[in-house]
Structure formats: structure tokens, C-alpha cells
Student: 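Submitted below is the structure of interest, expressed as C-alpha cells.
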Amino acid sequence: MAKIIDGKALSQHCITQMAGDVQALKENGIVPGLAVIIVGEDDASQIYVRNKHRKAEKIGINSIVIRLSTETTQLELLERISLLNHDPKIDGILVQLPLPSHINAEAVLDSITPEKDVDGFHPVNVGKLWSNRAEIVPSTPFGIMKMLEFYNVDPTGKNAVIIGRSTIVGRPMAAMLLNANATVTIVHSQTKNLQEITQQADILVVAIGRSEYIKAKDIKAGAVVIDVGMNRDINNKLTGDVDYEDCFDKASLITPVPGGVGPMTITMLMQQTINIAKRRALNDTGNKR
Ligand SMILES: NC(=O)C1=CN([C@@H]2O[C@H](COP(=O)(O)OP(=O)(O)OC[C@H]3O[C@@H](n4cnc5c(N)ncnc54)[C@H](OP(=O)(O)O)[C@@H]3O)[C@@H](O)[C@H]2O)C=CC1
Ligand SMILES: Nc1nc(=O)c2c([nH]1)NC[C@@H]1CN(c3ccc(C(=O)N[C@@H](CCC(=O)O)C(=O)O)cc3)C=[N+]21
Ligand SMILES: [Mg+2]
């Protein structure tokens with residue numbers, strides 16, 4: 001149906017284009033390289049990392065996965081990152097979150113050189129995004145912007161409301177929608193009268209982490225509803241933060257879970273790896289491959 005924002009299909013479309021881009025780069029002797037570091041045995045993280053590796057291979061990106069044990073020290077992790085920072089074959093470095101609690105995630109993320117920070121989590125890249133001069137941005141909100149663009153939703157002048165203020169989704173989403181000329185509101189767990197605000201949203205992005213929390217009564221008729229949530233119910237079924245069935249008739253466009261934001265997240269990670277490789281190829285003087 002025309003109402004559904006099909007992240008899987010759009011992702012496939014982007015992948016076909018990227019594979020062509022990578023082919024062209026390879027003809028110029030450049031192979032985009034992505035390094036993913038995973039510390040520990042977290043099941044969900046293992047699945048994401050496997051999906052990323054598979055998609056990268058499909059596109060022709062040189063993907064390496066570094067698996068480290070839960071006991072890895074922060075110093076050991078910092079040393080691995082330092083090696084990758086200096087490795088001319090690596091364009092993008094991603095440290096899968098969450099990290100074990102004995103490791104300071106901020107210190108680790110800050111140690112990735114901003115030029116290779118494919119997640120866009122480094123303070124330099126966060127600052128550039130908020131200054132509307134972004135180079136590398138977080139993949140999840142970037143994928144959402146691509147979805148809006150592909151489905152002809154122009155944020156200009158629209159009321160965009162984001163539920164959730166995390167550094168990986170809510171905050172960068174707000175910056176991107178602001179840069180795209182929306183009127184932006186972020187709401188969170190301390191917000192009073194949350195429903196009154198969400199009911200005004202022309203574009204509603206939901207990133208809370210609570211299964212099927214947003215119902216039809218919470219949204220405006222005709223709203224574009226983007227569901228970032230990934231929750232497992234008691235039967236291990238994947239659910240979003242939006243009650244899809246309940247909201248379907250009232251929304252003008254809506255993303256499903258699975259098959260919505262998730263596939264685009266991984267796809268945009270690949271897109272940014274390619275973009276970094278292109279940029280580095282242009283600037284390559286000292287840092288020879
Ligand atoms: N599909 C994808 O690509 C991705 C999916 N996800 C999924 O998206 C969801 C959110 O992830 P993430 O941003 O990392 O989550 P966090 O847990 O970091 O942040 C959740 C945010 O939601 C707010 N919140 C929690 N409960 C409520 C409530 N009842 N009303 C209003 N706000 C509330 C919190 O408020 P406060 O700040 O006050 O605590 C917080 O800002 C998760 O389900 C996650 O699995 C995440 C990343 C990528
Ligand atoms: N450094 C870092 N960067 C991240 O971008 C990052 C991270 N850590 N930690 C965890 C979150 C979560 N995340 C997802 C990626 C893909 C799907 C995805 O592929 N979802 C599919 C299928 C999911 C399934 O079937 O299990 C879908 O929604 O259709 C979901 C979520 C990236 N994250
Ligand atoms: Mg999280």
C-alpha cells in the first residue's frame with residue numbers, strides 16, 4: 001500500500017547504486033574499508049554486526065569485524081582503535097554499542113579520528129552537524145531523512161516532533177530536521193503534556209524503546225509517523241515503539257518494524273563509508289593507501 005514507507009525496498013535501491021559507485025572507485029584503485037569492533041557477546045549486537053558485514057560485502061566494501069572478549073580492557077580497545085586510525089586501508093571505524101560497563105564509552109568514541117568516525121558520534125562531527133556543515137552523521141537519522149526525501153516529504157515549515165533525546169537518534173534527528181527547515185520539538189521522559197505536543201506533529205519520529213507506546217490518539221490525522229523502536233516482546237517478536245495497527249488509518253505515511261528504519265540504518269552506514277573513501281581519495285597526499 002502507498003501508505004507504507006518501505007525501508008527494505010529503499011535500502012535495496014540504495015545498495016544497487018552504491019555497488020556501482022564502489023565499482024567505479026575500484027577502477028581507480030580505491031577499495032572502501034569498514035572496520036566494526038564488537039566487545040562482548042550481546043546477542044542483539046552480534047546480529048547487527050553480522051547484518052552489517054553481509055551488506056558491506058554485497059556492496060563491495062572491504063569489511064572487517066574485530067571481535068574482542070568481554071574482559072577486554074579500555075586500554076586494549078584504545079590501542080586497537082589507534083591502529084585503525086592509522087591504517088590507510090580503513091575508511092570507517094565503528095565501535096558497536098553498548099560496551100561492557102567497565103569501559104568508558106565516551107573515551108572510546110572520542111578516540112576515533114573524526115575523519116573515520118562513520119557513526120558520526122565524535123564531538124567534532126556532532127558540532128559540525130549542529131552548525132549545519134555536516135560531513136559524517138549518525139546513520140539512523142540519516143536513513144530517516146532519505147526516507148522522507150524518497151517519499152516526497154519536504155520538512156520545510158512542518159512541525160516535526162521527536163520523542164527521545166539520545167545522542168544516537170533523537171538529538172541528531174532534531175539537528176537534521178532543523179537543517180531541513182522544519183520547526184523542531186524534542187520531547188522526553190520529563191516532558192509535561194506530551195500528548196498535546198505529539199498531536200501537533202506533521203512529522204513524528206519515535207525513539208523511546210517501549211513497545212507499541214504510541215497510539216492513534218497521540219498522533220495528528222495525516223501525520224508522517226517514523227518508528228525507530230526495536231523491542232523484543234515475550235515471544236521474541238520484534239515490535240516498534242508505535243502501535244502500527246492502531247495508527248495505520250490515521251497516518252498519511254508510516255514505517256513498519258521490521259522493514260522500516262532498521263535496514264536504512266545499515267545502508268546509510270555503508271553510504272558514509274563510501275563517502276569517506278571518496279573524500280580521502282581526493283585529499284590523499286600524505287596518507288597513502
Ligand atoms: N532501527 C534502528 O536503526 C535503531 C533502533 N534503535 C531503537 O530505538 C529505540 C530508542 O533507542 P535510543 O535512542 O538508543 O534509546 P535511549 O534509551 O538512549 O533513549 C530513549 C529516550 O526516550 C525517552 N523516553 C523513555 N520513555 C519515555 C516516555 N514514556 N515518554 C517520553 N520519552 C521517553 C528517554 O527520555 P530521558 O532522556 O528523559 O531518559 C530517552 O530520551 C530503542 O528501541 C532502540 O532499540 C536505536 C538505534 C537504531
Ligand atoms: N555504534 C553503533 N552504531 C549503531 O548504528 C548501532 C549501535 N552501535 N548499536 C545498536 C544500534 C541498533 N542498530 C540497528 C541496526 C540495524 C537494525 C536492523 O537491521 N533492523 C532490521 C531487522 C532486525 C531484526 O530482524 O532483528 C529491521 O528493522 O527490519 C536495527 C538496529 C544500530 N545501532
Ligand atoms: Mg540504545
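Just follow the structure's listing: the first ligand is 1, and inside any ligand the first atom is 1.
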Student: Could you check atom 25 (O) of ligand 2 against the protein and tell me its nearest heavy-atom contact, residue, atom and distance included?
Tutor: Leu238 CD2, 3.9 Å

Student: Which of the numbered atoms in ligand 1 are under 4.0 angstrom from any heavy atom belonging to Arg210?
Tutor: 26 (N), 29 (N)

Student: Find out if a path of hydrophobic residues (ILVMFWY) with successive side-chain heavy-atom gaps under 4.5 Å connects Ile186 to Val206.
Tutor: no

Student: Please find the pair of heavy atoms, one from Thr113 and one from Asn85, that lie closest to each other, and give the distance.
Tutor: N-OD1, 3.1 Å

Student: Compare every heavy atom of Gln74 with every heavy atom of His102, then report the nearest pair and how far apart it is.
Tutor: O-OE1, 4.2 Å

Student: How far apart are the C-alpha atoms of Lys146 and Gln271, what are their side-chain angles, what is the distance that settles it, and do they pass the side chain to side chain donor-acceptor pair (under 3.5 Å) test?
Tutor: CA-CA 11 Å; Lys146 286 282 172 200; Gln271 180 68 66; over 6 Å; no

Student: Examine ligand 1 and decide if any of its atoms is less than 4.0 Å from a heavy atom belonging to Gly170.
Tutor: no

Student: Take atom CD in Glu41; do more than 12 heavy atoms of anything else shown fall under 6.0 Å from it?
Tutor: no

Student: Looking at CD1 of Ile208 and CG of Asp227, how far apart are the two atoms once the value is rounded to the nearest 0.5 Å?
Tutor: 9.0 Å

Student: Go through ligand 2 atom by atom and flag the ones less than 4.0 Å from a non-hydrogen atom of Pro258.
Tutor: 27 (C), 28 (O), 29 (O)

Student: Give the atom numbers and elements of ligand 1 that come within less than 4.0 Å of a heavy atom of Gly164.
Tutor: 21 (C), 22 (O), 41 (O)

Student: Any idea which protein heavy atom is nearest atom 8 (N) of ligand 2, and the distance to it?
Tutor: Leu97 N, 3.1 Å

Student: Is any N or O atom of Met230, backbone or side chain, closer than 3.5 Å to an N or O atom of ligand 1?
Tutor: yes

Student: Only one of Asn231, Thr239, Asp241 passes side chain to side chain donor-acceptor pair (under 3.5 Å) with Ser211; say which it is.
Tutor: Thr239

Student: Please could you name the atoms of ligand 1 that Asn231 approaches to less than 4.0 Å, counting only its heavy atoms?
Tutor: 43 (O)

Student: Counting non-hydrogen protein atoms only, what is the nearest one to atom 20 (N) of ligand 2? Give residue, atom name and distance.
Tutor: Gly262 CA, 3.5 Å

Student: Which ILVMFWY residues are connected to Tyr48, directly or by a chain of links, through side-chain heavy atoms under 4.5 Å apart?
Tutor: Met230, Leu238, Val257

Student: Quick one: side chain to side chain donor-acceptor pair (under 3.5 Å) pairs with a partner in residues 195-204, sequence neighbours left out?
Tutor: Gln195-Asp218, Asp202-Lys220

Student: Check this for me - ligand 1, Asp241, N or O atoms closer than 3.5 angstrom, yes or no?
Tutor: no

Student: What pair of heavy atoms forms the shortest contact from Ala160 to Ala182, and how long is it?
Tutor: CB-CB, 3.9 Å

Student: Is there a polar contact between ligand 1 and Thr265, counting only N or O atoms under 3.5 Å apart?
Tutor: yes

Student: Quick one: does ligand 1 sit under 4.0 Å from the side chain of Val187, the backbone, both or neither, non-hydrogen atoms only?
Tutor: neither

Student: Find all atoms of ligand 1 within a distance of less than 4.0 Å from any non-hydrogen atom belonging to Ile163, and give their numbers and elements.
Tutor: 31 (C), 32 (N)

Student: Of Gly259, Gly7, Gly143, Gly260, which has the heavy atom at the shortest distance from atom 29 (O) of ligand 2?
Tutor: Gly259

Student: Kindly identify the option in Asp227, Val228, Ile144 whose heavy atom sits closest to atom 5 (C) of ligand 1.
Tutor: Val228

Student: CD of Glu57: more than 12 outside heavy atoms within 6.0 angstrom?
Tutor: yes

Student: Counting only heavy atoms not in Lys58, do more than 12 sit closer than 6.0 Å to its NZ atom?
Tutor: no

Student: Would you check the N or O atoms of Ile168, main chain and side chain alike, for any that come under 3.5 Å of an N or O of ligand 2?
Tutor: no

Student: Provide, to 0.1 Å, the distance between atom 11 (C) of ligand 2 and the closest protein heavy atom, together with that atom's residue and name.
Tutor: Tyr48 CE1, 4.3 Å

Student: Tell me if the NZ atom of Lys250 is crowded by more than 12 foreign heavy atoms within 6.0 Å.
Tutor: yes

Student: Does the side chain of Thr267 pick up a donor-acceptor pair with the side chain of Lys55 at under 3.5 Å?
Tutor: yes

Student: When you compare ligand 2 with Thr265, is there at least one nitrogen or oxygen pair between them that comes in under 3.5 angstrom?
Tutor: no

Student: Among Met268, Met173, Arg165, which residue places a heavy atom closest to atom 40 (C) of ligand 1?
Tutor: Arg165

Student: For Leu194, counting its heavy atoms only, list the atoms of ligand 1 lying under 4.0 Å from any of them.
Tutor: 31 (C)

Student: In terms of atom number and element, which parts of ligand 2 are under 4.0 angstrom from non-hydrogen atoms of Ile266?
Tutor: 16 (C), 19 (O)

Student: If hydrogens are left out, which of Pro263, Ser211, Ser166 has an atom nearest to atom 16 (P) of ligand 1, that is, the closest non-hydrogen atom?
Tutor: Ser166

Student: Considering only protein heavy atoms, which is closest to atom 21 (C) of ligand 2, and at what distance to one decimal place?
Tutor: Pro263 CD, 4.0 Å

Student: Pull out every atom of ligand 1 sitting under 4.0 Å from any heavy atom of Thr140, numbered as shown with elements.
Tutor: 3 (O), 48 (C)

Student: Is the closest heavy-atom distance from Asp119 to ligand 2 below 4.0 Å?
Tutor: yes

Student: Quick test of your reading of the structure: of Met230, Arg232, Gln96, whose heavy atom lies closest to atom 26 (O) of ligand 2?
Tutor: Arg232

Student: Looking at His122 and Pro114, would you say the former's side chain and the latter's main chain have a donor-acceptor pair under 3.5 Å?
Tutor: no

